Amino acid sequence: MTTANWVQLVVSLGVVFAVAPFLAKFMTRVFEGERHILSFLAPVERGIYRITGVSAKQEMNWKQYLAALLVFNAFGFISLMALLMTQEWLPLNPAHIPNMSWHLALNTAVSFMTNTNWQSYNGEVSASYLSQMAGLAVHNFLSAATGMAAALALIRGIRNKASEGENSTGYRAPLGNFWVDITRTTLYVFIPLSIILTIFLLSQGVVQNFSSYVHGITLEGKDQILPMGPAASQIAIKQLGSNGGGFFGVNSAHPFENPTPFSNFLEWIAILLVPVAIPFVFGRMVKDKSQGRALFAAKTAVFAIGMVVVLVAELGLNTMTGGHGSMEGKEVRFGIPASAMWAEATTVVSNGSVNAMHDSFSPLGGMIPLINIMLGEIIYGGVGAGMYGMLVFVFITVFFAGLMVGRTPEYIGKKIESREVQLSVLAIIGQTVMILFLAAIAVVTKAGLAGLNNQGPHGLSEILYAYSSTIGNNGSAFAGLTVNMVFYNVTLAFAMLVGRFVVIVPVLAIAGSLGAKTPIPPSVGTFATNNTTFVVLLIITIIILAGLNFFPALTLGPILEHFLMLKGMVF
Amino acid sequence: MKPVRTAIIVTIFWTVIVGGMYPLLMFGVGAVFFPAQAQGSLLVRDGKVVGSELIGQDFSSDVYFHPRPSAIGYDPSSSGASNKGWTSADLKKAYTQNKADWLKANGNAEPPQDMVFASGSGLDPHVSPQGAELQVARVAAARHLSPGDSEKLLALVRSFEEAPQLGFLGEPRVNILTLNIALDRQFPKG
């Protein structure tokens, strides 16, 4: 690492950590309906409720909230899949891109609805401008807002006082209004941030037009077709909303998506900003900022360890060249350090955009992104998803702590009882089991093995990464794996659905059950959840519960590959 | 079925706003303030598009500076990478071949990493400063430049070297396409 590389690392981290608490303050005011800097848009918000027929004052219980979320996602999925399968006949398709096959459309629609943004498609080849802007980009906004909404419901469940009794709709334990939550998230948080980021990206050379693909003749006289499109507006929200699906096939490595080191710097910050702010939003909403800081500390500690390891591994000995590191799959303008930094950020957040090819990372350098995803996308995690995912681990941790001291566990004044623990375990184990189960199917079937691009232990890593990434709703890939075929499109779509809804449904059920509980005042025997002891215990719980399950698989994949690489073996 | 109706209306509403108005507004901002960038930073020579400043091109002739290897032969209609890992026999073969080709073309100087490994996009417009400077002797010979002009060529290459942006972002680099255009202008192929 050069001095400039160190400055790059420190300044990048510094900006995120300095801005996030202020963003959190603003976001809290937005979600609580208080006055904030964009309050002048309130008439617009009311107008939206009038147009869409939403009664903003109507509180929902967890079942109503879940129903609204599921119906909304289901319709979004159906309309997106229909768009992708008919794009050939619709306007804004200057490159005459054909309709997607049913399985590619299925995979892509699920991918964007679930905030995964896994790319079985290759943007410039298989999606029209209309599909990109009116389909994929719209879901970039809405899936992020959906994640945020689910997190808000859980936070309200934790802080609600059941003694407030029945609300106007006659239900106990109101969790807010799903439609209001997605409206506020989109209107006040994501649209303004996206507009600002888009303008910066435009200045750096990210394309934003509706022109036909440009035909050029190169200096040596060869034909060249340059893809175009409304990319900048979509890339802004893809980074901010932890989406990550590229406008172009190679995502943020593409010079039209990420043309300069400065655009790379801004996009890197955009990946982390909102997810890093959300623990602080949590602290503010439960009226105890130290609770938010504790979760932020736990997330940041794991993030920091990963950052160190991935940088060391990517700059480590490469027996193929006898030198250090590898530029395979990396861009000169970013170099190795900024590529490794990106890999760490895009996988602790369930973003999944890439500015270098993870498949060509060193064995251990590629393992860190994989582990980040396997931990359940909670080390910051996706917008909202990283918060509710983390709280599930918190419930398990206070349960363990309760077992150790022999008391009923509680969290921020709410008793954590068997129902909450069971639902939390379901949310965690469901993902773990599905990753290993689906990867196991892929490695023993012809269809699964047909997609491999690398042989030896690295091949296993490709398959493990694909299912971890889709279940974690991350969307990055060891992209050598050929996935645009029925087997992978369908099993990965299934994985993305499991990864999203087998967490959201238990989480909203927990929100409902916690919301109905009467808060208990803290006593001397209450296990504190805002100190270092708790943070350490939480990290250990995450590593044991989410990490160790994968250790055997990791041993056969990246760890084995590392030692064989040191011996100079190739496959 | 109130939620179903609401879901449909809300989806349509936001599709119009963030799927229509937002990209159009950003298109307008781009057209007014960053017209060249928003259109792909196209390079025009003699009235014809010769490429984009941001998108690398394949140069194989000795009279031009060469770009990095590319898994897709610099065809921007479908970006892509090799996606081969550190224990891939295919990658080792490609590396060995690229290195041999480099040594044959440019003499005995060890190639920097970027000149023997392919980029992530397959369209990387840059090489490292070292990767460009080590090609000066070959290009000068192919263009039959005098020793004095060779010095000037090296100076031209150095003038195209970009430092990390803002002093600390990214890596030093040379844009091969703009360098080759300047090369044609200053030292026309005889």
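Everything numeric in this text was worked out from a predicted model, so none of it was measured. Naming: A, B, ... by sequence-line order, numbering from 1 per chain.
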Worksheet item: With under 30° as parallel and over 60° as perpendicular, where do the rings of A:Y129 and A:F210 fit, or are they tilted in between?
Response: perpendicular
Fill in: Contacting region of B:V127 [heavy-atom separation from chain A under 4.5 Å]
backbone
Discussion item. Can you tell me which portion of A:S79 sits under 4.5 Å from chain B's heavy atoms? Options are side chain, backbone, both or neither.
Written reply: side chain
Worksheet item: According to the interplanar angle, ranging from 0 to 90°, do the rings of A:F141 and A:F190 count as parallel (below 30°), tilted (30 to 60°) or perpendicular (above 60°)?
Response: perpendicular
Discussion item. Is A:I195 close to chain B through its backbone or its side chain, or both, or neither, when contacts mean heavy atoms under 4.5 Å?
Written reply: both
Discussion item. Any side-chain to backbone donor/acceptor pair from B:Q135 onto B:H66? Under 3.5 Å, distance only.
Written reply: yes
Practice prompt. Answer with side chain, backbone, both or neither: which region of B:F27 has an atom nearer than 4.5 Å to a non-hydrogen atom of chain A?
Written response: both
Worksheet item: Side chain, backbone, both or neither: which part of A:M320 has a non-hydrogen atom closer than 4.5 Å to chain B?
Response: both
Worksheet item: Which one of B:A94, B:S119, B:G20 has the most heavy-atom pairs closer than 4.5 Å to chain A?
Response: B:S119
Worksheet entry | Under 4.5 Å from any heavy atom of chain B - which part of A:A479 | both
Item to complete: Using only heavy-atom distances, determine whether the side chains of A:N5 and B:E171 contain a donor-acceptor pair under 3.5 Å.
Response: yes
Worksheet item: What part of A:I51 gets closer than 4.5 Å to chain B, counting heavy atoms only: side chain, backbone, both or neither?
Response: both
Item to complete: Please flag which part of B:F13 lies under 4.5 Å from any non-hydrogen atom of chain A: side chain, backbone, both or neither.
Response: side chain
Item to complete: Tell me, for A:V7 versus chain B, whether the close heavy atoms (under 4.5 Å) come from the side chain, the backbone, both or neither.
Response: both
Discussion item. For the CZ atom on A:F200, are there more than 12 heavy atoms of other groups (residues, nucleotides or ligands in this structure) within a distance under 6.0 Å?
Written reply: no
Worksheet item: When you look at A:N318 and A:H324, which way does the side chain to side chain donor-acceptor pair (under 3.5 Å) test go after all the steps?
Response: CA-CA 5 Å; A:N318 182 346; A:H324 290 267; over 6 Å; no
Discussion item. Less than 4.5 Å to any heavy atom of chain B: does that hold for the side chain of A:S211, its backbone, both, or neither?
Written reply: side chain
Worksheet entry | Under 4.5 Å from any heavy atom of chain B - which part of A:H215 | backbone
Discussion item. Tell me whether B:R173 forms a cation-pi arrangement with B:F160, defined as NZ or CZ under 6.0 Å from the six-membered ring centre and within 45 degrees of its axis.
Written reply: no
Fill in: Trace of the side chain to side chain donor-acceptor pair (under 3.5 Å) decision for A:E561 with B:T87
CA-CA 7 Å; A:E561 191 195 359; B:T87 54; 2.8 Å; yes
Worksheet item: With respect to chain A, which residue among B:A36, B:S52, B:S41, B:P164 yields the maximal number of heavy-atom pairs within a distance under 4.5 Å?
Response: B:S52
Worksheet item: Under a 4.0 Å N-O cut-off, is there an ion pair linking A:R333 with B:E162?
Response: no
Discussion item. Quick check on the interface: out of B:L169, B:V44, B:I9, who has the most heavy-atom pairs with chain A under 4.5 Å?
Written reply: B:L169
Fill in: Contact origin within B:F34 toward chain A - heavy atom pairs under 4.5 Å
side chain
Practice prompt. Examine whether an atom of A:V214 lies under 4.5 Å from a heavy atom of chain B, and if so say whether it belongs to the side chain, the backbone or both; otherwise answer neither.
Written response: side chain
Worksheet, complete the sentence: Interface check, chain A: of B:A163, B:S60, B:A71, most non-hydrogen pairs under 4.5 Å belong to B:S60
Worksheet, complete the sentence: Value for CD (A:Q224) from OG (B:S77), rounded to nearest 0.5 Å, stands at 9.5 Å
Fill in: Under 4.5 Å from any heavy atom of chain A - which part of B:L42
side chain
Worksheet item: So what's closer than 4.5 Å to chain B heavy atoms on A:S461: side chain, backbone, both or neither?
Response: neither
Practice prompt. Output yes when B:D124 and A:K330 qualify as a salt bridge under the 4.0 Å nitrogen-oxygen rule, no when they do not.
Written response: no
Worksheet item: Is chain A contacted by the side chain of B:L166, its backbone, both, or neither, given a heavy-atom distance below 4.5 Å?
Response: side chain
Practice prompt. Establish, from distance only, whether the side-chain atoms of B:D114 and B:H126 form a donor-acceptor pair under 3.5 Å.
Written response: no
Worksheet item: Picking from B:N180, B:D184, B:D58, which has the most non-hydrogen pairs under 4.5 angstrom with chain A?
Response: B:D58
Item to complete: Against chain B, label A:F75 side chain, backbone, both or neither, depending on which of its atoms sit under 4.5 Å from a heavy atom there.
Response: side chain
Worksheet item: Is chain A contacted by the side chain of B:Y64, its backbone, both, or neither, given a heavy-atom distance below 4.5 Å?
Response: side chain
Worksheet item: Heavy-atom distance under 4.5 Å to chain A: side chain of B:L25, backbone, both or neither?
Response: side chain
Discussion item. Does the plane of the ring in A:H358 sit parallel, tilted or perpendicular to the ring in A:F361? Use 30° and 60° as the thresholds.
Written reply: tilted
Worksheet item: Would you call B:D90-B:K84 a salt bridge at under 4.0 Å N-O?
Response: yes
Item to complete: Pick one of side chain, backbone, both or neither for A:N264, based on which atoms fall under 4.5 Å of a heavy atom in chain B.
Response: neither
Discussion item. Quick check for you: to the nearest 0.5 Å, what is the distance between B:S150 atom OG and B:H144 atom NE2?
Written reply: 12.0 Å
Response to the item:
If you tally heavy-atom pairs under 4.5 Å between each of B:A81, B:S128, B:S78, B:G51 and chain A, the highest tally belongs to B:S78
Worksheet item: Of the backbone (N, CA, C, O) and the side chain (C-beta and beyond), which part of A:F334 lies under 4.5 Å from a heavy atom of chain B, both, or neither?
Response: backbone
Worksheet entry | Residue part contacting chain B, namely of A:E462, when any heavy atom lies under 4.5 Å | side chain
